[in-house]
Amino acid sequence: SAKEKGRNQYHLFDPDLNEFRKQRREQLTEIARALENDEFCLYFQPQIRLSDNRLMGFEALIRWQHPEHGLLAPGQFLPTLENSYLEVPLGQWVLKEAIHQMNIWREAGHRFGVSINISAQHLMDRSFADYLESYLHSHPGLDPGLVTLEVLESTALEDTKHASNVLSRCREMGLQVGLDDFGTGFSSLTYLRTLPVDMIKIDQSFVLNMLTNANDRAIVESVIFLAQRFSRPVLAEGVETPDHARALRSMGCDQIQGFGIARPLPAGEVLAWANDWDQKYKPGSEPGQSDTLFP
Ligand code: C2E
Ligand code: MG
Ligand code: MG
Ligand code: MG
């Protein structure tokens with residue numbers, strides 16, 4: 001009978017679902033422990049301005065130094081975290097740590113920007129702007145204008161009004177807002193129109209193949225054009241080769257980020273890397289020379 005069939009299907013599916021839930025619970029417990037034990041860290045990937053090869057700042061990217069499994073990338077644990085009770089605490093840790101790191105560089109005499117990825121659930125946290133403000137205030141002298149909050153288009157899906165309000169308040173505090181992975185969502189143009197946004201990041205999926213795929217190239221060119229019409233700077237991710245950088249420069253892209261410049265670096269390697277970069281590409285020397293971009 002249909003009822004029997006239904007029951008059989010239920011029994012077939014149930015153990016898997018339970019197994020899935022069990023694994024998720026276990027990983028969440030592990031993440032809670034890892035937070036306690038300070039096993040998370042931030043890596044930093046350089047962002048370069050194309051007009052003069054100047055190092056503008058870094059995107060903070062989370063890693064988990066797991067005692068048994070080694071260094072884990074966000075794709076290996078962020079999905080588990082999504083919409084869990086730990087998403088906000090980990091997001092708070094990231095904010096605090098990124099701002100703390102910025103301040104260390106400031107004390108060393110550098111004005112590096114830092115871009116921080118903010119998850120949808122975290123941005124919706126009612127006191128998000130309050131503790132962000134308190135983290136900033138705990139480092140007097142730190143310029144909030146150097147902080148960019150990277151939000152995904154999907155962030156605003158649930159409550160666009162609230163997302164807009166929070167982001168507006170952050171901008172009043174002097175922070176910048178960037179729209180991450182632009183073009184990958186279903187409503188990119190709507191968000192560009194409704195969210196208070198200072199800059200746009202073109203997703204790497206378009207950049208990686210733009211030299212061989214005419215459609216991808218058309219999309220990259222169009223997003224750059226769109227950003228210019230909105231008077232917003234635009235940064236391209238996924239710059240893996242000098243040819244990517246050259247093409248983006250000729251299209252009028254403002255900034256680039258990618259393995260071709262540097263992989264994300266541990267915090268302790270950032271100052272040496274920045275020093276190297278400045279030696280090779282003294283700001284102002286031969287601005288715009290495409291063949292000077294890479295060693
Ligand atoms: P995203 O914000 O779009 O970050 C860029 C990702 O592209 C990073 O991966 C970076 O390592 C990678 N990438 C950079 N240049 C290249 C390149 O030239 N080629 C290729 N193939 N990849 C490149 P990662 O670090 O694994 O981060 C993945 C995603 O995880 C990030 O995408 C971001 O959405 C999320 N994420 C990372 N850290 C955080 C965080 O602290 N908080 C939140 N909420 N999300 C984070
Ligand atoms: Mg990002
Ligand atoms: Mg991105
Ligand atoms: Mg991405």
Side-chain angles (χ1 to χ4, degrees), residues 31 34-35 39-48 57-65 70-84 86-102 113-125 128 132 135 147-155 163 176-185 188 191 197-211 216 220 223 234-245 247-248 253 255-267 293-294:
I31 291 172
L35 256 175
E39 290 171 16
F40 291 100
C41 60
L42 294 179
Y43 272 47
F44 294 90
Q45 190 176 34
Q47 301 177 325
I48 303 296
F58 299 85
E59 178 175 8
L61 295 158
I62 194 167
R63 300 287 182 266
W64 179 0
Q65 188 63 63
L71 194 67
L72 303 183
Q76 293 171 278
F77 55 92
L78 287 189
T80 301
L81 211 71
E82 214 168 299
N83 293 318
S84 78
L86 287 171
E87 191 167 356
V88 170
L90 192 75
Q92 287 177 318
W93 179 86
V94 169
L95 273 181
K96 214 188 254 180
E97 181 67 16
I99 290 169
H100 169 72
Q101 191 56 59
M102 261 181 99
V114 173
S115 298
I116 308 174
N117 293 285
I118 309 296
S119 78
Q121 198 204 339
H122 191 198
L123 188 75
M124 293 301 149
D125 187 33
F128 178 86
L132 177 54
Y135 299 158
V147 179
T148 300
L149 303 178
E150 291 193 5
V151 298
L152 298 165
E153 297 165 356
S154 51
T155 293
Q176 313 257 338
V177 174
L179 207 45
D180 204 357
D181 297 0
F182 186 80
T184 57
S188 309
Y191 291 127
V197 162
D198 299 288
M199 59 94 68
I200 294 171
K201 292 188 85 171
I202 308 178
D203 191 61
Q204 52 173 281
S205 62
F206 301 117
V207 176
L208 287 174
N209 301 314
M210 69 176 189
L211 299 174
D216 286 357
V220 172
V223 173
V234 58
L235 181 152
E237 306 182 307
V239 172
E240 295 195 345
T241 66
D243 284 342
H244 283 130
L248 288 161
C253 186
Q255 290 187 40
I256 54 172
Q257 178 184 340
F259 295 170
I261 313 289
R263 295 201 167 241
L265 308 159
L293 185 58
F294 293 92

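Only this structure's heavy atoms are used, side chains among them; waters, hydrogens and symmetry mates stay out. All of these numbers come straight from a predicted model, not from anything done at the bench. First listed ligand is number 1; within each ligand, the first listed atom is number 1.
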Applying a strict 4.0 Å limit to heavy atoms, is [X] in contact with ligand 1?
X: G75; answer: no
X: R263; answer: no
X: H122; answer: no

Any N/O pair [X]/ligand 1 closer than 3.5 Å:
X: F259; value: yes
X: Q257; value: no
X: N117; value: yes

For the pair F58 and F44, name the ring-plane relationship: parallel under 30°, tilted 30 to 60°, perpendicular over 60°.
perpendicular
Could you label the plane-to-plane angle of the W64 and F77 rings as parallel, tilted or perpendicular, counting under 30° as parallel and over 60° as perpendicular?
perpendicular
Less than 4.5 Å apart, any side-chain heavy atom of [X] and any of [Y]?
X: I200; Y: F182; value: yes
X: Q92; Y: H122; value: yes
X: I261; Y: Q47; value: no
X: P74; Y: L61; value: no
X: V177; Y: M199; value: no
X: F259; Y: V239; value: no

If you measure from each non-hydrogen atom of [X] to ligand 1, which part falls under 4.0 Å: side chain, backbone, both or neither?
X: D181; answer: side chain
X: S119; answer: both
X: Q204; answer: side chain
X: D180; answer: side chain
X: L42; answer: neither
X: I62; answer: both

Give a yes/no answer: is there an N/O/S atom of N117 under 2.8 Å from the Mg ion (ligand 2)?
yes
The Mg ion (ligand 2) has as its nearest N, O or S atom from E150 the atom OE1
Please give the atom name: the N, O or S atom of E59 nearest to the Mg ion (ligand 2).
OE2
Element-labelled atoms of ligand 1 that are located less than 4.0 Å from some non-hydrogen atom of [X]:
X: E240; answer: 17 (C), 18 (O), 19 (N), 20 (C), 21 (N)
X: V94; answer: 41 (O)
X: G258; answer: 15 (N), 18 (O)

Side-chain donor-acceptor pair present, [X], [Y], cut-off under 3.5 Å:
X: N117; Y: E59; value: yes
X: E87; Y: S119; value: yes
X: Q257; Y: Q45; value: yes
X: T241; Y: D243; value: no

Can you tell me if, anywhere in E237, an N/O/S atom lies at a distance from the Mg ion (ligand 3) that is smaller than 2.8 Å?
yes
Do you see an N/O/S atom of D181, backbone or side chain, under 2.8 Å from the Mg ion (ligand 3)?
yes
With respect to atom 37 (C) of ligand 1, which of A60, P74, G91 exhibits the smallest heavy-atom separation?
P74
Candidates L72, I116, L61; heavy atom nearest atom 31 (C) of ligand 1 found on L61
Look at the side chain of E97 and the backbone N and O of V94, then say whether any donor-acceptor pair between them is shorter than 3.5 Å.
no
The Mg ion (ligand 3) to D180: nearest N/O/S atom name
OD1
What are the two closest heavy atoms between I116 and A98, and how far apart are they?
CD1-CB, 3.6 Å
